[in-house]
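The structure appears below as structure tokens.
Since we're looking at a predicted model, the values are computed, not measured. Chain letters run A, B, ... following the sequence lines, proteins first, then strands; residues in each count from 1.
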Amino acid sequence: MAQKPSIPKGTRDFSPSQMVRRNYIFDTIKDVFRLYGFQPIETPAMENLSTLMGKYGEEGDKLLFKILNSGDFVSKVSEDLYNEKNSNKLTTKISEKGLRYDLTVPFARYVVQNRNDITFPFKRYQIQPVWRADRPQKGRYREFYQCDVDVIGSNSLLNEAELVQIIDDVFKRLQINTLVKINNRKILAGIAETIGEADRIIDITVAIDKLDKIGLEKVNAEMIAKGISATAVEKLQPILELQGTTSEKLTQIEKVIGATEVGAKGISEMKTLFEYLDNFELETEVELDLTLARGLNYYTGAIFEVKSKDIQIGSICGGGRYDDLTGIFGMPNVSGVGVSFGAERIYDVLVQQDSFPKESLEITKVMFVNFGEKEEVYCLPVLAELRKNGVNAEIFPGSSKMKKQMNYANRKEIPFVILAGDSEIEANKFTLKNMDSGEQQLVTSKELIKILS
RNA sequence: GUGGAUGUAGUUCAGUUGGUUAGAACGCUGGAUUGUGGUUCCAGAGGUCGCCGGUUCAAAUCCGGUCUUCCACCCCA
């Protein structure tokens, strides 16, 4: 081998067996989305950098993959700028496109651009890859798929409730036991206001989001380090240590932050949402988690995060309400809410649980062993008939050695093999072999089709 | 972006204080077995030791750089 080929850091090839499993996840998710009246859209892999830049914070801008302009772009850069060697400044001159970083911002752009053709509320789903120039780790890639569902142009909390239903439905079908954590950005804002640090809400939420991971003491230390006053941190303690049922938590927190306008609004929103949820028959556990903060700064209302109860892997789905996402593109006061399913992590959970279905529509169900030209002629009509009946079937191309053909079927995990040689042709029948048990039976073509379809 | 580890047949890994022709297992190909795979036995193919440079009579082994993968931080799905 001369040069070993390779793929870029953080990207992956998917083999047939992996694709069968990935498609199972995507198909399941899509089925549920459709069931709730959502419709698909797709947007380009690349967007104008002006669409992408500044939407994900400083960190996000660094993690954008930028695409070089076509043509002789360097000659258009002035001598001065070139010698300055400032990457940021130079980037704006030599690159004006980038790969999408998530599906939400392109969706917002799409909505603004197509506002006259869209009937609101607009319920869409979108399953496409996104790219981040992050340093890869286990379960973190530079190219990965997101499965977004959003409804935009409706303030109703029924949307939030339906999203929880969708989450419940998807994971019920995938046989994953889940815990849905819900919080509300307005409650967090109310807390920040109450403790006298209203403008520090980002720092506070980023810190308390880590409560699970690093513990109360370190969270407090981080807030102090970020410059939150000691008295404010002190006031925060009873909230962080809040225990009890959802309604108990809401009642208690209301006593603390009910006086603030935004806090009261958040409490009432959560009460309404949980009332809806009480009337649904949900399999998943749902709880109010006041420490749930999620990093994204554009959430303004409900925040969701879903975790597997059996497999420790971080969140497998998350999202929330954003009141003014399209505002940055010149279309203010349009509220949306949505969640995103993390296909890669769901895949890992299903692998660890070993709960992918054994049978798949994408696997060959039966293979004809090829004995030669005369036998081919005998088999081909039945092969066509099987396919007409929706049975995935193939005939081995060419009359290779039996061992090679059987081995092919075995490696491809084809559950049935049909043998038809001289003796079968004479009896006008087929030998059907079950590759799992090794059992064989002599059947007519009609019986064959009946057994396999 | 910061810090740490890693890289040897297709895959998982051995390879001593630098020293002849770099090994194993699994996988692959062929045979034992002209209509029976997943078990067994035999034989065979397959490596610029990640890449570039340096030290040395001599480098898979030591040094520097670079890339990959992994781990932690940051952030996130």
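- Residue Phe341(A) is out of contact with every strand shown, counting any heavy-atom pair closer than 4.0 Å.
- Using a distance-only test at 3.5 Å, with no hydrogens or angles considered, no donor-acceptor pair links the side chain of Ser308(A) to the main chain of Thr178(A).
- OP1 or OP2 of rC28(B) sits under 4.0 Å from a side-chain N or O of Arg411(A).
- Comparing the C1' positions of rU8(B) and rG4(B) gives an interatomic distance of 23 Å, to the nearest angstrom.
- Note: NZ (Lys181(A)) to C1' (rA77(B)) measures 16 Å, nearest angstrom.
- When the P atom of rG37(B) is taken as reference, atom CZ of Phe368(A) falls 20 Å away, rounded to whole Å.
- Ser340(A) comes within 4.0 angstrom of nothing in the nucleic acid, heavy atoms only.
- Going from the C1' atom of rG37(B) to that of rC71(B) covers 42 Å, rounded to whole Å.
- Look at the C1' atom in both rC51(B) and rA60(B): the space between them is 14 Å, to the nearest Å.
- Nucleotide rG38(B) holds its C1' atom 11 Å from the NZ atom of Lys403(A), rounded to whole Å.
- To the nearest whole angstrom, the two C1' atoms, one in rC74(B) and one in rU17(B), are 43 Å apart.
- Comparing Ser400(A) and Tyr101(A) along RNA chain B, the residue whose closest nucleotide (by nearest heavy atom) sits nearer the 5' end is Ser400(A).
- Counting atom types as modelled, Glu413(A) pairs no side-chain N or O with a base atom of rG38(B) as donor and acceptor under 3.5 Å.
- Of the C1' atoms belonging to rU12(B) and rG31(B), the separation is 28 Å, rounded to the nearest Å.
- Straight-line distance from the CG atom of Asp134(A) to the C1' atom of rG1(B): 10 Å, rounded to whole Å.
- Centre separation under 5.5 Å together with a plane angle under 30° does not hold for the ring of Tyr408(A) and the six-membered base ring of rG37(B), so they are not marked as stacked.
- Distance from the side chain of Gln137(A) is smallest to rC74(B) among rC74(B), rA77(B), rU36(B).
- In this structure, Tyr378(A) has its ring center at least 6.0 angstrom away from the ring center of Phe371(A).
- Under the 6.0 Å distance and 45° angle rule, Arg321(A) does not count as a cation-pi partner of Tyr299(A).
- Cation-pi check for Arg142(A) over Phe65(A) is not met; the charged atom does not lie both under 6.0 angstrom from the ring centroid and within 45 degrees of its normal.
- Across rC73(B) and rU66(B), the matching P atoms stand 25 Å from one another, rounded to whole Å.
- Across all strands shown, Gly10(A) has heavy atoms under 4.0 Å from sugar-phosphate atoms exclusively, and none from any base.
- As rounded to whole Å, 14 Å separates atom P of rG35(B) from atom CD of Gln440(A).
- Lys401(A) comes within 4.0 angstrom of the backbone, heavy atoms only, and of no base.
- Where pairing requires Watson-Crick or G-U contacts shorter than 3.5 Å, the helical stems of RNA chain B with at least three consecutive pairs are B:1-5 with B:69-73, B:10-13 with B:23-26, B:28-32 with B:40-44, B:50-54 with B:62-66.
- Among the atoms of the strands shown, base atoms are found under 4.0 Å from some heavy atom of Glu424(A).
- Across the protein-nucleic acid pair, Leu292(A) atom CG and rC76(B) atom C1' stand 14 Å apart, rounded to whole Å.
- At a cut-off of 3.5 angstrom, counting only N and O atoms as typed in the model, there is a donor on one side and an acceptor on the other between the side-chain of Asn410(A) and the base of rG37(B).
- Tyr408(A) meets the ring pair (Phe, Tyr, Trp, His ring centres under 6.0 Å) test with Phe396(A); sequence neighbours excluded.
- rG23(B) and rU39(B) have their C1' atoms separated by 27 Å, given to the nearest Å.
- Contact annotation for Lys210(A): backbone-only contact, meaning every heavy-atom pair under 4.0 Å involves sugar-phosphate atoms and none involves a base.
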Kindly indicate, with the supporting measurements, whether the criterion salt bridge (charged side-chain N to carboxylate O under 4.0 Å, His left out) is fulfilled by Asp148(A) and Arg124(A).
CA-CA 8 Å; Asp148(A) 276 27; Arg124(A) 76 86 226 228; 3.6 Å; yes

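- Protein atom CE of Met367(A) is 13 Å distant from nucleotide atom P of rG35(B), rounded to whole Å.
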Run the ring pair (Phe, Tyr, Trp, His ring centres under 6.0 Å) test on Phe26(A) and Phe341(A) for me, step by step, so that the C-alpha distance in whole Å, both residues' side-chain angles and the decisive distance to 0.1 Å come before the verdict.
CA-CA 10 Å; Phe26(A) 293 137; Phe341(A) 289 79; over 10 Å; no

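- Residue Lys9(A) is classed as a sugar-phosphate contact, given heavy-atom separations below 4.0 Å to backbone atoms only.
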Using the salt bridge (charged side-chain N to carboxylate O under 4.0 Å, His left out) rule, take Arg200(A) and Asp203(A) through it: C-alpha gap first, then chi angles, then the decisive distance, then the call.
CA-CA 6 Å; Arg200(A) 306 301 303 277; Asp203(A) 284 333; 2.7 Å; yes

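- Ring to ring, Tyr125(A) and Phe38(A) are not that close: their centroids are 6.0 angstrom or more apart.
- When the nucleotides rG37(B), rU36(B), rC71(B) are ranked by their closest atom to the side chain of Arg135(A), rC71(B) comes out on top.
- Closest approach of Ile346(A) and Phe171(A) over heavy atoms only: CD1-CE2, 3.8 Å.
- Straight-line distance from the CD atom of Gln405(A) to the P atom of rG35(B): 9 Å, rounded to whole Å.
- With P as the reference atom, rG65(B) and rC70(B) are 23 Å apart, rounded to whole Å.
- Nucleic acid contact class of Gly438(A) (heavy atoms, under 4.0 Å, all strands): base.
- When distances run from any side-chain atom of Arg140(A) to the nucleotides rA77(B), rG35(B), rC70(B), the shortest one goes to rA77(B).
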